[in-house]
Amino acid sequence: MAASVHGGILDMTRVAQEKGSDPLRWAMQMCSSLNSAGASLPSTELAHALVSHICWDNNVPIAWKFLEKALVVGIVPPLLVIALLSTRVIPCRQSRPAAYRLYMELLKRHAFNLKSHIDGSNHQKVMESIDAAMQLSKIFGLPESEAGILVVEFIFSIVWQLLDASLDDEGLLELTPEANSRWSIKSQEMDIDSYGSFDEKSTESHGILQNANTTMAIEIIGQFLQDKVTSRILYLARQNLPVHWESFIQRLQLLITGSAALRNSKSLTPEALQLLTSEACVVFSRECKTSSHQKFHAIMAFGSHASSAHCSDLWLPLDVALEDAMDGYDVNPTSAIEIITGLTKSLQAINGTTWHDTFLGLWIAALRLVQRERNPIEGPMPHLDTRLSMLCSIIPLVIADLIEDESPASDDKECAGNDHWKEKKCPGDRCNDLVSSLRILGDYQGLLTPPHSVVSAANQAAAKAMLFLSGINVGSAYFECTSVKDMPLNCSGNMRHLIVEACIARNLLDTSAYFWPGYVNGHISPMPHSIPAQLPSWSTFMKGAPLTPALIGALVSSPASSLAELKKVYEIALKGCDEEKISAATILCGASLLRGWNIQEHTVFFITRLLSPPVPADYEGDGSHLIKYAPMLNVLIVGIGSVDCVQIFSLHGLVPQLACSLMLICEVFGSFVPNCPWALPTGEEISAHAVFSNAFALLLKLWRFNRPPLEHGVGDVPTVRSQLTPEYLLLVRNSHLVPTGNVHKDRIKSRLSEVASSSSPKPVFMDAFPKLKIWYRQHQACIASTLSGLVGTPVCEIVDELLTMIFRKLKEGSQSLTTINSVSSSSSGPRNEDTSIRPKLPAWDILEAVPFVVDAALTACAHGRLSPRELATGLKDLADFLPASLATIVSYFSAEVTRSFWKPVFMNGTDWPSPAANLANVEGHIRRILATTGVDIPRIAAGGSSSATLPLPLAAFVSLTITYKIDKASERFLNLAGPALESLAAGCPWPCMPIVASLWTQKARRWSDFLVFSASRTVFLQNTDAVVQLLKSCFTATLGLNTTSMTSNGGVGGLLGHGFGSHFYGGITPVAPGILYLRVYRSIRDIMFVTGEIISILMQSVREIACSGLSSERLEKLKGNTKIRKRYGQVSLTAAMTQMKLASSLAASLVWSSGRHCLVQSLIKETLPSWFISGHRSGKEEGSDGVVAMLGGYALAYFTVLCGTFAWGVDSASSASKRRPKILGTHMEFLASALDGKISLGCDWTTWRAYVSGFVSLMVACTPNWVLEVDVDVLQRLSRGLRQWNEEELALALLGVGGIGTMGAAAELIIRNEL
């Protein structure tokens, strides 16, 4: 506005003021003058001029009336006037209370009618003027000048100004942490003068007006928090300005608790104001006021609350994950604590459950895991010890991490702003939830019955509580020296007693748990006056007793009870004499490792650290200091070599560091010439070959070395699982070497970092192990192609030596077996045990020659120059000479069995062992195991036993393995060869695996159930149709769709069963389909196809759920009663949605287990878009009215979000979350482009709409952090598309959690639609 016009306006105002002109006429004249001058209305310049005119030279009634009429006719912007007045009037409210009252009246009249203020052409200019007047950008630190953002800041600032002014008026402002206000609320004038306006000379009326103003200001604050539009705008401030909001809420709480004016208010109470600021007053409701989908939104977001919170089906993914961790064929380099913690947080967020129900679900899932092993089958697989470790060690550590997440130290800015579910409880409440969950757990008696081998430990835990309650302190010595049955008490313990003790040991509970009603049952007889004689125990050890054989035996057989006891053993292992080192290592690998659940995480860490011992202070020499520790290292390696022990190390995340330590041990001892063996206290001797072989066998269990060539990237099928190669394990180990300051919030990562650093504070790569690297490259070359290049190399001489050693009784004068086309024959005779002919060579040199030795022997057998018996005997001699050579033999046979030039051999019982004795029985057992899956197997023809054939390499390998004894000494090597043998047989045509199983059941009858089950798994590895049928069986069993009632059977029990039943029924019984799939999927070559099949089965299951739950026949019976029909329809719909969510959670669990991050990434980036684009239209079911299509869309949405949370988490705690923005962004771009009409879809429109609305609803409600990572433009496009579907509330919710970038758009949507 030109200066002349500006001056003229003020002159006209002064004249009108002096004349007492009608304010409306004055306003109309001003409007006409401004229009004539071409000024843009409303005028920001006029607003500044009028406010300056009033403050304070013309603080008279008629001037305020002029301003009010200027607002009414729209010649000045109301929000700017309010902003200008707030900076002038509020600081002077004490001296000019009438002006303050008028300001608040204008505020009430215009601040709540925002919609009429944002449509002007100069709205952006007005908001920029407000920003300049109130310094909003400077105060809130947001550089964006978007009008919507400024509106949020403006409303927030106005309310905050009133709040600070009210606190100051009542003398409460000094009680705030800052003791002042960030706003100018106090007058800077030295002399307070009153102008006499409104009778302000009256001191009494002056004070009354001030008090009334304070009450009115507080009531206006309440109006802002209560009004539908402004409350939502304030919620945007809460979302995106968390630091400022926290300060605001602290001051508001001070007002609620200390304000006399609030207590005296007639329209607002402290309780009402408290409620308006609570989390319960959620402003972004997702009930669409016009959409027919509104009831589905409610069920999708909060449907879990409608069902029983204790329902086990909510936690089915946990059951699947826990059972999957029990597979002994692979070890996981990632800690189970990290995996289960992330999974639990995801399910808690998606299910919307309390932490009490979450902890209870976690305990129940772990207890079910143990109960499934109550009657285990025998065989080289993880057993009860691993499952108990999960229940009593891993799960308490998971809960400890979840409780630690709640502590204020773990909160960050992002969490404070967006993790709504974290705000629901105050710090410390999760501890209370743990207590309540464990108290309720006592009601689940069926799950708490301890397995037979754990009864004594459970009874001892119960006895401990009983003695504590009785006030009897007989000391740990008495407790250790007296068995429960000999104590003067009568009590029985259960699994809850073990769980409680595990939690107490980790400071999650205290001994007040002993006072829970019903926790202790029984009575105590009078205690003896004297305790029994002190027997060897941990107590005597801690008192300084020497490590005698009796004491060592006691410490090995009973677990340590405290970290101090373990530390003392660890110190002895490091600093004691050689004999003490061996004893300490033996103790650590005893009961403290397998059954010391309360301290197990410390035991595995100490053992891992001992495998990389420090250099002794007195060590001198050029070689590695590890040689000095050889006996102790061997004890440790052998002690942790069982399947259960390896799985326990895997659960605690120590596989990468364990592999690194073993690599160094193998490098050192494999390069050592075995001239001087070490004598053990028992009189035995161990050589460098023995130490190397034990370490090498254990190392190879930690990665997939024994898989077929196609799983090592040879071929055209892409791999989706992370390959457990040595390089990968070292990379994971190196990732633990992060600065301690970055992991102080995560105890698990901190411990992993500590262990890795103690071994080597620097990253370790394969180049640090040159000998191992050479062997590994040879191993890969053997897989990729046939052997060549032997002649003329130094290895040739070693090959000759080895062949001479193992086939030393071959006829004199025969050619060397290394000759390519000619091999010698041999004659049988007594074996010469003379060890003088055995070459004294380092193990690595021998391993380099082994493939050529085996190739020569196998070629000789193929040409008839070596009998099968001689072949097996010679290979066994080689393996006995250097047990580690079995690994290279496995490698060679794994490669050769895939090559087509080896002819099959007849397993006729003459040349080769025969399976005839029990092949038919094995086949029958396999059929029984698969009975519930609907999968059939090819029948072996009559007389097939006599004509059974195997490829020569497989026949040779199985013949070699059955020469081993089934004892502890051979266990670690059979554990290495067993999975390889199964893998080789599975890759050969049917019935190779039944033949192998038949041969082995003759060798080890007590393993027969295990062997038959392993054989049944292989049915699925060559037949994708069988895999699909197995997946269908998983859904059918889980949903109970083969029963008449949707609520009967099914669930976790249907999917995973209750363990193997052979001990109950006198023979092997059908195995639950979920167990079968979890033991099969790792060996499926092309796992990529599984995702598409799972989606198809999921959609088919939804159709079956809808048809069975909403059948027209059932509705027809209720046609006469409209009220009952309506209620039945709602119940049926809720039941159908519950079943749908169960099916989706199963689908997500199967996808996640099958391929982890890679399969989830493929699903979201490729499979789902392709599915929507291609034609997948649901057939119209009679009477369903499109419910099938709608349920299908919601099922896909729930499935997709679950897969994403399993892979990336709901927050940013895991390293995998770094991959989320890119993959999620791609999918959100696809959704937005389809809504924009840029992509043509082939699926049912109802399904598509349900998917988009369901997916967005779940993101907003359960994974708001995801929304923050999506491009702002994509979010706005999605919001526009949702509004076109009349989904305004959902569109607003999406923008509301989108961060600063979408805050402005969300504010404008709130205002324009008055949502």
Side-chain angles (χ1 to χ4, degrees), residues 706 708-709 782 786-787 803 806-807 810 817 820-828 851-879 886 889-920 922-923 938 940-964 977-978 980-1003 1011 1015 1018 1022:
N706 61 331
C782 180
T786 57
L787 295 173
L803 287 171
I806 64 176
F807 300 119
L810 293 179
L817 290 180
I820 300 301
N821 297 316
S822 175
V823 294
S824 63
S825 60
S826 66
S827 61
S828 59
F852 299 99
V853 173
V854 180
D855 184 66
L858 194 64
T859 303
C861 185
H863 288 78
R865 296 184 175 91
L866 194 66
S867 71
R869 184 181 298 275
E870 290 168 335
L871 174 64
T873 302
L875 294 180
K876 183 62 166 62
D877 282 348
L878 178 61
L886 181 63
I889 296 173
V890 167
S891 175
Y892 173 81
F893 282 138
S894 297
E896 293 303 310
V897 81
T898 63
R899 313 196 205 282
S900 59
F901 51 78
W902 296 105
K903 294 181 180 181
V905 297
F906 289 97
M907 311 303 290
N908 52 20
T910 303
D911 299 316
W912 299 93
S914 171
N918 58 351
L919 182 56
V922 168
E923 180 190 7
I940 300 175
S945 298
S946 60
S947 60
T949 62
L950 293 178
L952 177 59
L954 179 57
F957 191 24
V958 71
S959 298
L960 169 62
T961 58
I962 62 178
T963 63
Y964 279 86
L981 177 62
E982 181 182 336
S983 181
L984 294 184
C988 296
W990 187 269
C992 288
M993 188 62 214
I995 293 172
V996 171
S998 299
L999 293 171
W1000 255 98
T1001 53
Q1002 297 174 41
K1003 169 73 176 181
L1011 293 166
T1018 63
Q1022 298 175 335

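Given the structure is predicted, the values throughout are model-derived calculations rather than measurements.
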Peer 1: Closest heavy-atom contact between Leu1011 and Ala997?
Peer 2: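 Minimum heavy-atom separation between Leu1011 and Ala997: O-CB, 3.9 Å.
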Peer 1: Can any side-chain N or O of Asn908 pair as donor or acceptor with the backbone N or O of Asp911 at less than 3.5 Å?
Peer 2: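 Yes; judged by distance alone, with no hydrogens or angles, the pair exists.
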Peer 1: Hey, what do you get for OG1 (Thr873) to CG (Leu878), rounding to the nearest 0.5 Å?
Peer 2: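 Rounded to the nearest 0.5 Å, the OG1-CG separation comes out at 12.5 Å.
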Peer 1: Under the rule for side chain to side chain contact (heavy atoms under 4.5 Å, CB included), what residues qualify as partners of Thr961, not counting sequence neighbours?
Peer 2: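 If we apply the side chain to side chain contact (heavy atoms under 4.5 Å, CB included) test to Thr961, skipping adjacent residues, the hits are Phe957, Val958, Ala977, Leu981, Trp1000.
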Peer 1: I'd like to know if the side chain of Glu870 reaches the main chain of Phe807, judged simply by a donor and an acceptor atom lying under 3.5 Å from each other, with no hydrogens or angles considered.
Peer 2: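 No, Glu870 side chain to Phe807 backbone: no donor-acceptor pair under 3.5 Å.
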Peer 1: Would you say Lys1003's side chain and Ser998's backbone share a donor-acceptor pair under 3.5 angstrom?
Peer 2: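 Here the side-chain-to-backbone pair does not exist.
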Peer 1: Is the shortest heavy-atom distance from the side chain of Ser959 to the side chain of Leu871 under 4.5 Å?
Peer 2: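 A side-chain contact is absent here, since even the closest heavy-atom pair is not under 4.5 Å.
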Peer 1: Between Ala857 and Leu866, which heavy-atom pair has the shortest distance, and what is it?
Peer 2: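 What the structure gives for the nearest pair is O-CD2, 3.7 Å.
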Peer 1: For the residue pair Ala980 and Val890, what are the closest heavy atoms and their distance?
Peer 2: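 Closest pair (atom of Ala980, atom of Val890, distance): CB-CG1, 3.3 Å.
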Peer 1: Could you measure the distance from the NZ atom of Lys903 to the OG1 atom of Thr949? Nearest 0.5 Å is fine.
Peer 2: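 That separation rounds to 13.5 Å.
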Peer 1: Quick one: list whatever passes side chain to side chain contact (heavy atoms under 4.5 Å, CB included) with Pro951, sequence neighbours left out.
Peer 2: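 Expected list: Val897, Pro953, Leu954, Cys988, Cys992.
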Peer 1: Not counting sequence neighbours, which residues clear side chain to side chain donor-acceptor pair (under 3.5 Å) with Ser891? List them please.
Peer 2: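 Checked Ser891 against side chain to side chain donor-acceptor pair (under 3.5 Å); matches are His779.
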Peer 1: What closest approach, in Å, do Ala856 and Leu803 show between heavy atoms, and which atom pair accounts for it?
Peer 2: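 Between these two residues, the closest heavy atoms are CB-CD1, 4.4 Å.
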Peer 1: I need the Ile889 CD1 to Leu858 CG distance, nearest 0.5 Å.
Peer 2: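 If I round to the nearest 0.5 Å, the distance is 11.0 Å.
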Peer 1: Distance check, rounded to the nearest 0.5 Å: Met907 atom CE versus Leu919 atom CG?
Peer 2: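 Rounded to the nearest 0.5 Å, the CE-CG separation comes out at 11.0 Å.
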Peer 1: What I'd like to find out is whether the side chain of Tyr892 reaches to under 4.5 Å of the side chain of Val853, using heavy atoms alone.
Peer 2: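 They are not in contact (no side-chain heavy atoms under 4.5 Å apart), so the answer is no.
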Peer 1: Mind checking side chain to side chain donor-acceptor pair (under 3.5 Å) for Thr1001 and listing every partner two or more places apart, or none if nothing turns up?
Peer 2: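 Testing Thr1001 for side chain to side chain donor-acceptor pair (under 3.5 Å), a comparison that skips the adjacent residues, returns Asn918.
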Peer 1: Would you compute the distance between atom CD of Glu923 and atom CD1 of Ile995 and round it to the nearest 0.5 angstrom?
Peer 2: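 That separation rounds to 11.0 Å.
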Peer 1: Which atoms form the tightest heavy-atom contact between Met993 and Ala986, and what is the distance?
Peer 2: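 Where Met993 meets Ala986 most closely, the heavy atoms are SD-N, 4.5 Å.
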Peer 1: First locate atom CH2 of Trp912, then atom SG of Cys861, and finally report the distance between them rounded to the nearest 0.5 Å.
Peer 2: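 Separation between the atoms: 4.0 Å.
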Peer 1: Considering non-hydrogen atoms only, spot the tightest contact between Leu984 and Ser894 and give its length.
Peer 2: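 Looking at all heavy atoms of both residues, the shortest contact is CD2-CA, 3.1 Å.
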